[in-house]
K.L.:
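Structure below; questions to follow.
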Amino acid sequence: MAHARLTVTPSDVIAEVSPRLFGSFVEHMGRAVYTGIYEPGHPTANEQGFRRDVLELVQELGATVIRYPGGNFVSGFRWEDSVGPVSERPTRLEVAWHSIETNEVGLHEFADWAETAGVEVMNAVNLGTRGIEDAASLLEYSNHPSGTALAEQRRGNGRDEPFGITLWCLGNEMDGPWQIGHKTADEYGRLAAETGRVMKWIDPSIELVAAGSSNADMPTFGEWEKTVLEHGIDVFDHISLHAYYEENGDVESFLASGVGLDRYIRTVADIIRDTLAEHGSDRTIGISVDEWNVWNQTRFNEIDKPPLFAGEWNERPRIIEDEYTVTDAVVVGSLLMSLLRNSDVVSMANLAQLVNVIAPIRSEPGGPAWRQTTFHPFALTARFAIGDVVSTRVYSDLQQTNSYGDVALLDAVALADGDTTTLLLVNRSIIEPLEVAVDIEGSPIASVLYQRTLGVPEGGTRTTSNTQAQPDAVLPRDADIVTVDDGDARLTLPPLSWSIVRLSTPRPLPSTTIRENDNA
Ligand code: AHR
């Protein structure tokens, strides 16, 4: 048995939890849209062709904001193709993912789907092949009430009221040579800033996200952020950060991915702070982690991608439909914990993606939809991470990792909401249970309100996954992992596990001194 101690300081608030941390992403890529959220003819399809079974899972997941329509896709996208009568929309070669795009689902249909799902749309403009005029036109079409050609075109297409889209991404991963219209930091920074300025003249209520680095290993990482920010320090509200993790032969490093994400976020936060200070700006620019997940990119780049890009052009090819394991779910849980821990600087985040494409939800054409392992830590965190993220201190046995040196076996985040303290916990050891002594400063622990643990299921292994045949092989269990004794709690976290524990922690009333004659 390994050991750790966790001290929570509820009075030291890091940030109030923002619902925007629980965003996700739908790209016109693979089967995310077609046979993912949309499949006319499916037994559960609604009158617009959207799958009700998938919609229900999206609602259960608790996703709040959905980034759309890409991704790499957006850098070759002509938005006008995707509005107007469906029968008149052009079919195009989709170069980013070597596919055929029919444009059957476009802005109007997606906005309707989002309304039904109860999520906000975060729209991206194409700064790969296009620029200021197209971004401005798309914004005017979307958000201007009436009386101009573009607003009337929208109304003529059946949408009387503006879409009222607040969040706009200025292009996608423009630092990457794989991106259509890839640019240098100066080229992109200037274009993004000029585009953003015009967009805000059209609708001052919008928030703009500049494209940051595609990952922390990009040769331009750091310099890219500084240069881009210098071009648009007065106009950008957020800068993006994309982060994907995979297991590369060293499971200990993979399980410490949250440490990597913590460091990546803090580096970008320092660059934002220093650049704002150098320019004497008192603005706030947040970090939009608008693509994050576990993704086996090595397999995609080395095995799946070469034949895909050399082969025929097909509609909705099966691309990066990663099947997630118990280990992946624990890592996804800990990445969410990193986002919460850094929510003083992370303004929003989007799990990439939502359905079929590296997604928590899978669906089969004509068949069922089911929850991947990674669905569960996301859904429980989105449901219970309310109140304030508060500071914690972790004293823990360590384990060695190739990527991050010695790392604590315990990963933990605490949230305070009135008299309830919620703990999110990961045991990074794949062999030993971890005993954790918990102390909540100033609040005796009265009782356990809720506890769920996701780990290796009975008879399974750390690579067990949820499949069409066995959709519930990996589930969070109501395991008895907490003992409360005299105001303190002791937890026993199974090896390789993610847990959520809600504790009743009534705050003692402030003590008052009663003087003798007060009652006279
Ligand atoms: O999410 C899949 C792809 O990953 C996105 O299209 C791109 O932005 C990133 O490289």
Side-chain angles (χ1 to χ4, degrees), residues 23-34 36-37 63 65-77 94-99 101 110 122-129 167-183 188 192 209-221 224 228 238-246 257 261 264 287-302 304-305 308-309 316-324 328 332 335 348-362 372 374 378:
S24 187
F25 178 29
V26 171
E27 177 164 4
H28 278 252
M29 166 183 182
R31 297 194 310 112
V33 175
Y34 305 111
I37 60 170
V65 180
I66 311 286
R67 188 167 175 252
Y68 177 83
N72 295 346
F73 167 84
V74 83
S75 296
F77 178 51
E94 199 293 283
V95 179
W97 300 108
H98 200 92
S99 316
E101 172 59 54
F110 187 73
M122 176 188 198
N123 216 357
V125 301
N126 172 359
L127 292 188
T129 58
L167 291 165
W168 292 85
C169 300
L170 295 162
N172 175 70
E173 294 193 349
M174 299 309 303
D175 61 330
W178 58 85
Q179 198 69 214
I180 301 173
H182 162 225
K183 293 176 173 48
Y188 169 70
V209 186
S213 291
S214 302
N215 63 67
D217 294 328
M218 295 300 290
T220 49
F221 173 50
W224 175 275
V228 168
H238 315 262
I239 184 161
S240 73
L241 177 163
H242 289 183
Y244 291 103
Y245 296 88
E246 65 183 315
S257 298
L261 184 55
Y264 186 11
I287 300 175
S288 172
V289 185
D290 49 43
E291 287 189 32
W292 68 270
N293 205 346
V294 168
W295 173 9
N296 191 336
Q297 276 185 294
T298 307
R299 190 187 59 221
F300 174 64
N301 286 323
E302 293 175 6
D304 302 339
K305 189 174 170 184
L308 173 76
F309 278 69
R316 48 178 188 276
R318 284 184 185 260
I319 312 179
I320 59 171
E321 297 192 2
D322 287 20
E323 188 174 287
Y324 290 118
D328 297 330
V332 162
L335 291 171
M348 55 192 158
N350 302 70
L351 175 68
Q353 299 192 10
L354 185 64
V355 186
N356 290 329
V357 172
I358 45 170
I361 299 169
R362 283 289 310 274
Q372 293 237 54
T374 55
F378 189 102

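Read the numbers this way: they start at 1 and go in the same order the structure lists the ligands and their atoms. Both backbone and side-chain heavy atoms feed into the values below; hydrogens, waters and symmetry mates do not.
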K.L.:
Looking at E173, which atoms of ligand 1 are within less than 4.0 Å of one of its heavy atoms?
P.N.:
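With E173 as reference, the close atoms of ligand 1 come out as 7 (C), 8 (O), 9 (C), 10 (O).
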
K.L.:
Measure N172 to ligand 1 on non-hydrogen atoms and call it side chain, backbone, both or neither using the 4.0 Å cut-off.
P.N.:
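Contact part for N172 vs ligand 1: side chain (C-beta onward).
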
K.L.:
Under the criterion side-chain contact (heavy atoms from CB on, under 4.5 Å), which of V65, V289, V209 is the partner of M348?
P.N.:
V209

K.L.:
Which residue and atom name correspond to the protein heavy atom nearest atom 8 (O) of ligand 1, and how close is it?
P.N.:
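Atom 8 (O) of ligand 1 sits closest to the protein heavy atom E291 OE2, 2.7 Å.
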
K.L.:
Under a heavy-atom criterion of less than 4.0 Å, does Y244 contact ligand 1?
P.N.:
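Heavy atoms of Y244 do come under 4.0 Å of ligand 1.
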
K.L.:
Look at atom 2 (C) of ligand 1 and say which protein heavy atom is nearest, naming residue and atom and giving the distance to 0.1 Å.
P.N.:
Q353 NE2, 3.4 Å

K.L.:
Test side-chain contact (heavy atoms from CB on, under 4.5 Å) on V26 and V33; report intermediate values, then the result.
P.N.:
CA-CA 7 Å; V26 171; V33 175; 3.7 Å; yes

K.L.:
Hey, does Q179 have a side-chain heavy atom less than 4.5 Å from the side chain of S214?
P.N.:
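The answer is no, as the side chains (C-beta and beyond) never meet within the 4.5 Å cut-off.
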
K.L.:
Please work out whether any backbone atom (N, CA, C, O) or any side-chain heavy atom from C-beta onward of W295 is under 4.0 Å from ligand 1, and answer side chain, backbone, both or neither.
P.N.:
side chain

K.L.:
Indicate whether any N or O donor in one side chain lies under 3.5 Å from an N or O acceptor in the other, for N172 and R67.
P.N.:
yes

K.L.:
Any idea how Y68 and F110 line up, ring-wise: parallel (<30°), tilted (30 to 60°), or perpendicular (>60°)?
P.N.:
parallel

K.L.:
Side chains of V355 and V357: does their closest heavy-atom pair fall under 4.5 Å?
P.N.:
no

K.L.:
Classify the contact between W97 and ligand 1 as side chain, backbone, both or neither, using a heavy-atom distance cut-off of under 4.0 Å.
P.N.:
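Within the 4.0 Å criterion, W97 contacts ligand 1 through side-chain atoms alone.
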
K.L.:
E27 heavy atoms, cut-off 4.0 Å: which ligand 1 atoms fall inside?
P.N.:
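Within the 4.0 Å cut-off of E27, ligand 1 contributes 5 (C), 6 (O).
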
K.L.:
If you have a sec, work out which protein heavy atom is nearest atom 7 (C) of ligand 1 and how many Å separate them, to one decimal?
P.N.:
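Looking only at protein heavy atoms, the one closest to atom 7 (C) of ligand 1 is N72 OD1, 3.2 Å.
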
K.L.:
Could you check, using the six-membered ring where one of them is a Trp, whether H182 and Y188 have ring centers closer than 6.0 angstrom?
P.N.:
no

